[in-house]
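Here is the structure we will look at.
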Amino acid sequence: MARDASEPGAAEVVAALLALWEHADLHTPTTLPRLALRALMVLERAAPLSPGELADALAISAASASRLSARLEAAGLLVRQAVPGDRRKVSLRPTPAGLAAVAELRARLARAVAPALVGADAGRGPLRSALAQVRDRLRRLLSTGHGRPW
């Protein structure tokens with residue numbers, strides 16, 4: 001049977017996950033704007049993308065995505081390549097430096113979250129199982145197109 005947010009206890013789980021995310025977000029300062037990092041995360045999972053597809057994934061305008069892409073390219077975090085056979089189209093891909101920025105952010109988020117999980121039996125048992133299920137469900141949603149690619 002499919003579970004949804006109206007299931008007893010779901011609201012508490014969502015509240016806990018949001019609190020964990022807020023804590024991590026507050027404790028992981030970065031030199032890159034969050035939108036730039038989100039763009040790199042989207043590209044990490046779904047590249048190559050057109051600027052329009054990136055705009056859709058980030059829920060921003062095409063013009064904003066174009067400016068963001070230009071800034072990321074200038075910083076060496078993204079590469080724009082012409083699509084073979086159509087000079088008018090370009091595809092976007094993260095560079096190794098862009099992928100390293102995403103990996104660094106994930107590592108910093110993990111370090112920020114770790115203290116909140118101490119004593120919560122996060123390394124084994126029901127919590128670990130539940131978090132693995134959430135991760136797997138999100139990956140399935142993304143891979144089937146039922147979720148945004150970030």
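Side-chain N/O atoms of Thr28 and Arg34 include a donor and acceptor closer than 3.5 Å.
At a threshold of 4.5 Å between non-hydrogen side-chain atoms, the residues Val102 and Pro94 do not count as touching. Taking the side chain as every heavy atom from C-beta outward, Leu58 and Arg38 approach each other to under 4.5 Å.
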Quiz item: For Val79 and Leu92, what are the C-alpha separation, side-chain angles and deciding distance, and is it a side chain to side chain contact (heavy atoms under 4.5 Å, CB included)?
Solution: CA-CA 6 Å; Val79 62; Leu92 307 173; over 6 Å; no
Quiz prompt | side chain to side chain contact (heavy atoms under 4.5 Å, CB included) evaluation trace for Leu99 with Leu40 | solution = CA-CA 7 Å; Leu99 296 174; Leu40 291 170; over 6 Å; no
Exercise. Take Val90 and Ser50 through the test side chain to side chain contact (heavy atoms under 4.5 Å, CB included) and record every step on the way to the result.
Key: CA-CA 6 Å; Val90 297; Ser50 71; over 6 Å; no
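Across every non-hydrogen atom of Ala101 and Leu37, the tightest pair is O-CD2, 4.3 Å. Smallest separation of non-hydrogen atoms from Ser69 and Leu54: OG-CD2, 3.9 Å.
Ion pairing between Arg111 and Glu104 holds under the 4.0 Å rule for side-chain N and carboxylate O.
Remark: side-chain polar atoms of Ser64 are not paired, donor with acceptor, to backbone N or O of Ile60 under 3.5 angstrom. Between the His23 side chain and the Ala112 main chain, a donor and an acceptor come within less than 3.5 Å of each other.
In this structure, CG on Leu32 lies 9.0 Å from CG on Leu105, to the nearest 0.5 angstrom.
Residues passing the salt bridge (charged side-chain N to carboxylate O under 4.0 Å, His left out) test with Arg80 are Glu73, sequence neighbours excluded.
With Ser91 as the partner, the side-chain contact (heavy atoms from CB on, under 4.5 Å) test is satisfied by one option alone out of Pro51, Pro84, Pro48: Pro48.
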